[in-house]
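Have a look at the structure below, then the notes.
The sequence lines fix the lettering, A, B, ..., with proteins before strands; numbering per chain opens at 1.
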There are 2 protein chains.
Amino acid sequence: MTRTRTPGDALRVAVSTVIFSLRRGVDGERPRVVLPLVRRTRDPYEGLWALPGGWLDEDENLEEAASRTLAETTTLAPSYLEQLYAFGDVDRSPSRVVSIVYWALVREDVSLGSEQHNVAWFDTENLPALAFDHAHIIDYALWRLRNKVGYSRIAHGLLPEAFTLAELREVYEAILGRRLDPANFRRQVENSDTLIPTDEFRTGSHRPARLYHYNHEVELADRGPLPQRRTAKD
Amino acid sequence: MTRTRTPGDALRVAVSTVIFSLRRGVDGERPRVVLPLVRRTRDPYEGLWALPGGWLDEDENLEEAASRTLAETTTLAPSYLEQLYAFGDVDRSPSRVVSIVYWALVREDVSLGSEQHNVAWFDTENLPALAFDHAHIIDYALWRLRNKVGYSRIAHGLLPEAFTLAELREVYEAILGRRLDPANFRRQVENSDTLIPTDEFRTGSHRPARLYHYNHEVELADRGPLPQRRTAKD
DNA sequence: GCAAAAGTGTTATTATTACACCCATGC
DNA sequence: GCATGGGTGTAATAATAACACTTTTGC
């Protein structure tokens, strides 16, 4: 009930987004989960890295604010966007800030097109020093991602339109941090009704691998009664 | 970017809580999932029922605000409390309000002690007309509850300290809305390491049923890297 | 004894896992 | 040919589900 600051500064609402994408090494290297961070140029935690985000606009929905954030840092539309959590501890920032955090997936094929000022992509297993409680937030987002990959088709959201089963498996392996049996993996996804085989093959290495499309009639994840908004290519 | 209202009124943060409990009929009736609602006595939606809640205090964490809300309506400490979602659509209220919504479980044995003014308990399958988007919020909370009951021991949070396997099964049945095989249910929970058998029996009807305690060393639900705060009897 | 819930046993079905093996290509 | 990843087959194991059956009480 104590009001010591001026009303306008008392409590502010920010929206941030943990944006996951994939970075493949040059040759046959395994893909890695990466995310973009923004270097802070202002007072609290200046110089440290932080999640992309901004203040919530008065005439803007939460998800719109997250999309805006995402477009400003990656110039992309996400293949998946979901609210992660609202962080609002009194001591998480010098001033009182409630942060509504979203997490998103963007497909790997185009994710490297945006190299803006003070924005860089980091391997999730090798993050720099982070501002505020953002290290904790990213931990939680990674936990959600790993969890969700086990019971939904979320991993498809990181791949381009056409992909091989090995590429899809490598996404699962990068997220889960362990190797999966190729034979069993194949059968699981083939029986899951989420893949549409094409007549094309990825050639170049050894035996050509069949390319698949994602079945867009199946949602990437069940969100229950929450409204499902449009995302890219879905 | 338009700022048409005064700063203090531009955007407010509220915290509401969907509080689930159990109500048993007089005789052998099956238990039902119930929740408390508050009748609105002020301008928007006056007279309609709404979720218990209030404005977020400047020096109060989100979860503390939810606990306060909960204590004010039920005079109880919850056995489980988790953030549900942040609702913040521009048009969800006449003025711009971002609501951080929690959901909670309170044990059935004591939940009916509080009959305050303008507060009443409703069967989740027979709700009255609700203010704002609260009907939608309750839908989502019920979906979460049903979901979580499938992969965690959350249902124990609705029962008193000692209970029979049939009582626990009835909780699952009330939440899931379908009957479960008593034999298979018994084996599942017995193998889950969450129950401690006692030497007491519930007598009165037919063959006496053994009473069990919840094993407090096992968390009701895995919340990942989110900080676990203390709840009642846990 | 009889009804009804407590509690045990058995079997069929399905999903998961491990791993042997064949296939098709680049070199 | 041969190395390598693509792709198929198979068997052991574990989880789920359906249901018959025995036990113990109140009446």
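Atom CG in A/Asn184 sits about 14 Å away from atom P in D/dG9, given to the nearest Å. As a whole-Å value, the separation of A/Arg178 CZ from C/dT16 C1' is 12 Å. Straight-line distance from the OH atom of B/Tyr172 to the P atom of D/dT16: 12 Å, rounded to whole Å. Between the C1' atom of C/dC23 and the CG atom of A/Leu165 lies a distance of 16 Å, rounded to the nearest Å. Atom-to-atom, CG of A/Asp181 to P of D/dA12 comes out at 17 Å; the value is rounded to the nearest Å. Across the protein-nucleic acid pair, B/Leu195 atom CG and C/dA6 atom P stand 15 Å apart, rounded to whole Å. Straight-line distance from the CZ atom of B/Phe201 to the P atom of D/dG26: 13 Å, rounded to whole Å. A straight line from CZ of A/Arg202 to C1' of D/dT4 spans 17 Å, rounded to a whole angstrom.
At a cut-off of 3.5 angstrom, counting only N and O atoms as typed in the model, there is a donor on one side and an acceptor on the other between the side-chain of A/Arg187 and the base of D/dG9.
Heavy atoms of other residues, nucleotides or ligands lying less than 6.0 angstrom from CG of B/Asp193 number 12 at most.
Ring-plane geometry between A/Tyr214 and A/His156 is classed as tilted, the angle between the planes lying from 30 to 60 degrees on a 0 to 90 degree scale. B/Phe132 and B/His134 have tilted rings, their planes meeting at an angle from 30° to 60° on a 0 to 90° scale.
One distance of note links CG of A/Leu159 with CG of A/Leu22; it measures 6.5 Å at 0.5 Å rounding.
In terms of position on DNA chain C, the residue among A/Thr203 and B/Pro208 whose nearest nucleotide sits closer to the 5' end is B/Pro208. Between A/Gln188 and A/Gly204, the residue anchored closer to the 5' end of DNA chain C is A/Gln188, taking for each the nucleotide with the nearest heavy atom.
Listed candidates were C/dG26, C/dT8, D/dG6. Nearest to the side chain of A/Ala166 is D/dG6. For B/His206, counting side-chain heavy atoms from C-beta on, the closest listed nucleotide (D/dT25, C/dG7, D/dT8) is D/dT25.
Here A/Arg207 does not reach the OP1 or OP2 of C/dC23: none of its side-chain N or O atoms lies under 4.0 Å away.
The side-chain contact (heavy atoms from CB on, under 4.5 Å) with A/Leu35 is formed by just one residue from the set A/Ile138, A/Leu142, A/Thr73; it is A/Ile138.
Here A/Ala183 lies in heavy-atom contact (under 4.0 Å) with a base.
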